[in-house]
Amino acid sequence: MKKSLLIFFLLITTYLFGQQALNLIPKPVSLEKGTGTFIIDQSTVLLYNSADQELQSAAVFLKAHIKRVSGIDLKAGANGSRKIELVIAPLETIGREGYLLDIKPVSITMKANTKAGIIYGIQTLLQTLPAIRTNAPLQVPCMKITDYPRFQWRGMHLDVSRHFFGPELVKEYIDLLASYKMNRFHWHLVDDQGWRIEIKKYPDFTKTGAWRVDQNNLVWGVRPQAKPGEAATYGGYYTQEQVKDIISYAAERNVMVVPEIEMPGHVASAIASYSWLSCAQQPQLSLTGGNYNGISSNYCAGNDSVFHFLEDVLREVTNLFPSPYIHIGGDEVDKTPWKNCARCQARIKKEGLKNEEELQSYFIKRIGKFINSQHKKMIGWDEILEGGLAEDATVMSWRGEAGGIKAAKMKHDVIMTPDYPLYFDHYQAGPEGEPLAFGGMNSLKNVYNYEPVSKELTEAESKFVLGAQANLWTEFITKPEGIEYMVLPRMPALAEAVWTPKEGRSLSSFMSRIPHHYKRYEQLGLRYSAGNFAVAINPVIKDGKLFVELSNEIPGSTIVYTSDGNEPVVGSAAYTQPLLIEASMVLKASTVTDQQVRNVQASKQSFVIHKGVGKSITYVHQPSKFYPANGPNSLLDGIKGTAAPGKYWHGFSGDDLIATVDLGATVSLHRISLGCLQSYRSWIFLPQWVRFEVSVDGEHFTEIKTVNTPFDIHDNYLQYDFKVSLGNTSARFIRVTAKNNNCPPDHPGAGAPGWIFADELMID
């Protein structure tokens with residue numbers, strides 16, 4: 001993102017003339033189109049009560065952006081051929097963030113209960129104007145709008161610990177939020193890899209904890225630990241003056257900045273600065289990216305001095321941030337150090353706690369009481385439910401919705417931010433042709449269709465759902481352009497999902513409006529994903545045969561495809577019905593609109609045909625509902641798993657994978673293999689071993705071989721095929737058993753069930 005493009009984020013949509021279609025995002029509650037246009041020129045005046053400081057602030061905001069796109073300096077006063085009037089007055093039904101906008105040929109009237117509503121009315125007005133400087137008159141279509149948000153929490157998160165981004169980028173990010181009427185900026189300031197906020201009482205946080213060995217030339221997952229003597233030169237931090245400036249900047253745009261000061265885990269950066277904060281109290285090597293095995297990353301829960309220290313930190317934070325909320329993290333705490341720490345064990349005994357889970361609850365509750373004493377509310381990730389929830393705590397549910405549902409039933413406020421579909425560090429298309437992402441697949445369609453209120457909640461319980469938020473973790477994002485790419489256009493999709501009434505949302509309507517935003521992105525040189533142009537290639541088993549269905553999210557488009565290795569063009573075969581796959585091939589597909597292929601890169605899928613494709617398969621333990629891949633036949637659909645966890649992989653948590661295949665008849669078998677994935681930091685491990693068995697009758701099985709994994713459980717990332725040769729064996733049934741792991745003792749999830757990710761079961 002370039003500073004010169006800052007204006008884009010407030011003037012985000014298409015330049016509308018006359019009666020052109022309105023492409024407002026989020027879609028207003030009510031919009032009535034009028035006739036004609038209002039023209040903003042040198043004779044236009046701005047009316048407002050100058051004695052009202054909030055109105056004056058909103059007027060300055062509007063004037064500044066009109067001047068940037070046109071050079072026109074709106075004058076305050078009643079003398080003018082056309083007027084723009086801003087009014088704060090008591091209004092029923094629209095709430096504190098709602099607004100009324102009435103645009104006629106000679107006047108624009110904007111009314112609201114608060115400055116927040118006026119700002120959102122201005123944002124809607126700005127969406128009808130050009131994003132770049134023009135000498136032409138500014139024409140605004142006549143219309144009448146009544147608008148207000150569905151949810152009070154409409155948030156975006158940004159991780160600046162894994163990779164540091166300076167104040168100007170943060171402001172641009174806030175501008176982007178505000179332009180889509182998002183009102184919460186969750187600022188992830190502390191994690192293992194960097195401490196990013198100045199704490200005046202403890203200067204070593206920014207002297208030591210803000211810096212690490214520069215390994216940006218390496219992909220995050222393969223970055224080694226720092227070696228003794230390596231200089232820590234990469235990083236940065238925000239001074240308290242910079243933080244105040246950013247908070248003020250956000251407030252002008254009705255964006256609340258919510259800081260996250262992580263604890264009790266994910267704090268290697270703090271312990272590198274002050275080693276006595278850990279259980280081990282041992283100095284550690286320079287910070288690094290990626291591999292944190294064996295590095296202290298927990299505060300000692302048995303040391304009262306740690307709590308006094310954190311209270312000092314939180315006093316500075318609560319004094320700095322006007323937000324009523326302080327986020328304390330609370331996720332993924334590796335409890336192994338606590339189990340081996342005399343002070344922590346003494347704390348458990350003294351407080352009558354049952355285990356380390358209750359020790360974590362003790363820690364969170366103690367910190368929560370202090371935060372409450374500072375007249376703030378505590379937010380934590382859903383792990384803060386473990387061992388008992390602190391009074392008045394708000395739960396941010398990221399591991400699916402279960403934690404949020406549980407908290408709402410306990411009458412605690414909840415913010416829904418499930419990793420599926422609201423983790424924006426996951427792929428949104430591809431992964432072919434896409435920048436390397438953390439994994440998973442959260443498409444534009446998935447984001448738009450997200451419903452924050454679960455059907456499991458009663459009407460009364462649903463009132464505790466404050467709203468939703470998307471999270472952008474930055475392990476794989478090193479540059480500002482990467483942030484642009486991962487949030488555009490998923491952010492506007494979420495913005496509409498949390499602003500527009502449920503009954504007013506329409507995916508087809510959104511998809512018809514978003515291409516106008518793409519044109520603007522292109523004009524301004526902003527990176528964005530055209531992932532919704534991508535063609536989904538979906539295998540379907542029918543009558544024991546493999547078919548492929550092709551689909552996209554673009555109304556009125558044509559899908560073209562090839563199976564000969566060539567790229568699809570406008571004249572390639574057009575998809576009309578499911579394709580029968582009878583031989584191994586590489587299928588490529590693209591979207592065509594207006595006689596142009598729209599994909600930057602065609603969707604591509606390799607199919608490998610073998611004797612098991614399309615056959616019947618049964619499981620002793622069903623795959624996780626969060627990792628269903630392509631359904632029950634995913635192990636036999638001719639598609640091998642990719643490097644992206646979650647797209648084609650069946651996931652099994654804790655349970656062993658035990659699958660039996662019925663080939664339908666006794667056949668000659670020569671080879672069998674099962675593809676598996678390991679991603680240590682994602683709690684995914686290769687099976688301890690895989691056993692292959694065959695049978696003629698489905699009841700009496702003969703073991704062919706048990707294949708042990710040849711790799712260490714600590715290896716971060718692996719794809720491996722467990723294979724066995726059968727010579728020339730006849731059988732109808734094949735049973736495969738893959739033995740799961742628990743997370744190893746030095747893992748953040750020590751002792752918790754691990755995952756098996758398995759894909760194609762190749763049978764030849």
Side-chain angles (χ1 to χ4, degrees), residues 161-162 189-197 199 201-213 225-226 228 232 235 260-314 317 328-351 353 355-364 366-367 370 380-381 383-384 386-387 681 743-751:
S161 175
R162 271 52 174 242
L189 290 162
V190 173
D191 215 300
D192 286 324
Q193 295 82 10
W195 184 285
R196 304 299 182 203
I197 181 171
I199 302 298
K201 189 169 184 179
Y202 298 108
D204 280 0
F205 277 139
T206 47
K207 179 181 178 182
T208 300
W211 305 94
R212 67 171 184 257
V213 174
Q225 291 187 356
E260 181 179 354
I261 308 298
E262 184 81 54
M263 62 184 78
H266 282 296
V267 290
S269 57
I271 294 168
S273 306
Y274 299 96
S275 61
W276 61 267
L277 294 170
S278 70
C279 293
Q281 299 191 349
Q282 296 294 321
Q284 48 194 54
L285 300 174
S286 297
L287 290 177
T288 185
N291 188 344
Y292 272 71
N293 296 338
I295 293 178
S296 295
S297 59
N298 286 4
Y299 291 126
C300 179
N303 187 345
D304 281 330
S305 296
V306 169
F307 288 97
H308 300 324
F309 180 93
L310 290 174
E311 288 170 4
D312 289 340
V313 170
L314 289 171
V317 172
I328 54 84
D331 62 310
E332 297 181 332
V333 180
D334 178 4
K335 300 177 179 64
T336 304
W338 291 354
K339 294 176 182 178
N340 300 323
C341 173
R343 287 181 295 272
C344 289
Q345 293 305 306
R347 175 82 71 193
I348 290 174
K349 183 177 181 180
K350 178 182 177 182
E351 299 294 334
L353 307 176
N355 49 35
E356 285 72 25
E357 283 69 30
E358 290 197 359
L359 179 60
Q360 176 170 329
S361 180
Y362 167 86
F363 189 108
I364 299 297
R366 182 166 173 174
I367 291 295
F370 176 78
W381 301 110
E383 284 95 332
I384 68 172
E386 297 173 5
R681 281 183 291 280
C743 297
D746 52 358
H747 189 276

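All values below were derived from every heavy atom in this structure, side-chain atoms included, with hydrogens, water molecules and symmetry-related copies excluded. The first residue of the sequence shown is numbered 1, and numbering continues consecutively from there.
Listed for the Trp211 side chain is a donor-acceptor partner under 3.5 Å among the backbone atoms of Thr206. Looking only at distances, a side-chain donor or acceptor of Gln360 sits under 3.5 Å from a matching main-chain atom of Gly330. A donor-acceptor distance shorter than 3.5 angstrom exists from the side chain of Thr336 to the backbone of Pro745, with no hydrogens or angles considered. No donor-acceptor distance shorter than 3.5 angstrom exists from the side chain of Ser275 to the backbone of Gln282, with no hydrogens or angles considered. For the pair Ser273 (side chain) and Asp204 (backbone), a donor-acceptor distance under 3.5 Å is present. The closest donor-acceptor contact from the side chain of Glu383 to the backbone of Glu332 lies under 3.5 Å. Remark: the backbone N or O of Gln193 is not paired with any side-chain donor or acceptor of Asp191 at under 3.5 angstrom.
For the atom pair CG of Leu353 and CD of Gln345, the computed distance is 10.0 Å after rounding to the nearest 0.5 Å. If you take CD on Glu262 and CG on Asp331, they are separated by 4.5 Å, rounding to the nearest 0.5 Å. Ile364 CD1 to Ile328 CD1: the interatomic distance, rounded to the nearest 0.5 Å, is 3.5 Å. In this structure, CD in Glu260 is found 14.0 Å from CZ in Arg196, a value given to the nearest 0.5 Å. Within the model, atoms OG of Ser269 and CG of Asp192 stand 6.5 Å from one another, a figure rounded to the nearest 0.5 Å. The line from CD of Glu356 to CD1 of Ile348 is 4.0 Å long, rounded to the nearest 0.5 Å.
Here the side chains of Met263 and Val306 are not in contact, with every heavy-atom distance at 4.5 Å or above. The shortest distance between side-chain heavy atoms of Val317 and Leu189 does not fall below 4.5 Å. For the pair Cys300 and Cys341, the minimum side-chain heavy-atom distance is below 4.5 Å. Residues Ile367 and Leu310 form a side-chain contact, since some pair of their non-hydrogen atoms from C-beta on lies under 4.5 Å apart. Residues Asn298 and Ile271 have side chains not in contact (no heavy-atom distance under 4.5 Å, counting atoms from C-beta outward).
The two residues Cys279 and Cys344 make their nearest non-hydrogen contact at SG-SG, 3.8 Å. Here the closest non-hydrogen pair linking Ile197 and Trp195 is O-NE1, 2.8 Å. Taking each heavy atom of Tyr274 and Pro203 in turn, the nearest pair found is OH-N, 3.4 Å. Across Glu351 and Tyr362, no two heavy atoms sit closer than the pair CD-CE1, 3.7 Å. Closest of all the heavy-atom pairs between Ala750 and Asp334 is CB-OD1, 4.0 Å. Of all heavy-atom pairs spanning Ala226 and Val213, the tightest one is CB-CG2, 3.6 Å.
Taking the six-membered ring where tryptophan is involved, the planes of Phe307 and Phe363 are tilted, since the angle between them lies from 30° to 60°.
Ionic pairing of Asp304 and Arg347 is present here: one or more N-O contacts between side-chain nitrogen and carboxylate oxygen are shorter than 4.0 angstrom. Glu386 and Lys335 are joined by a salt bridge, as a carboxylate oxygen and a charged side-chain nitrogen come within less than 4.0 angstrom of each other.
Between Phe309 and the choices Tyr299, Trp276, Phe370, the ring-ring contact (aromatic ring centres under 6.0 Å, His included) rule is met once, by Trp276.
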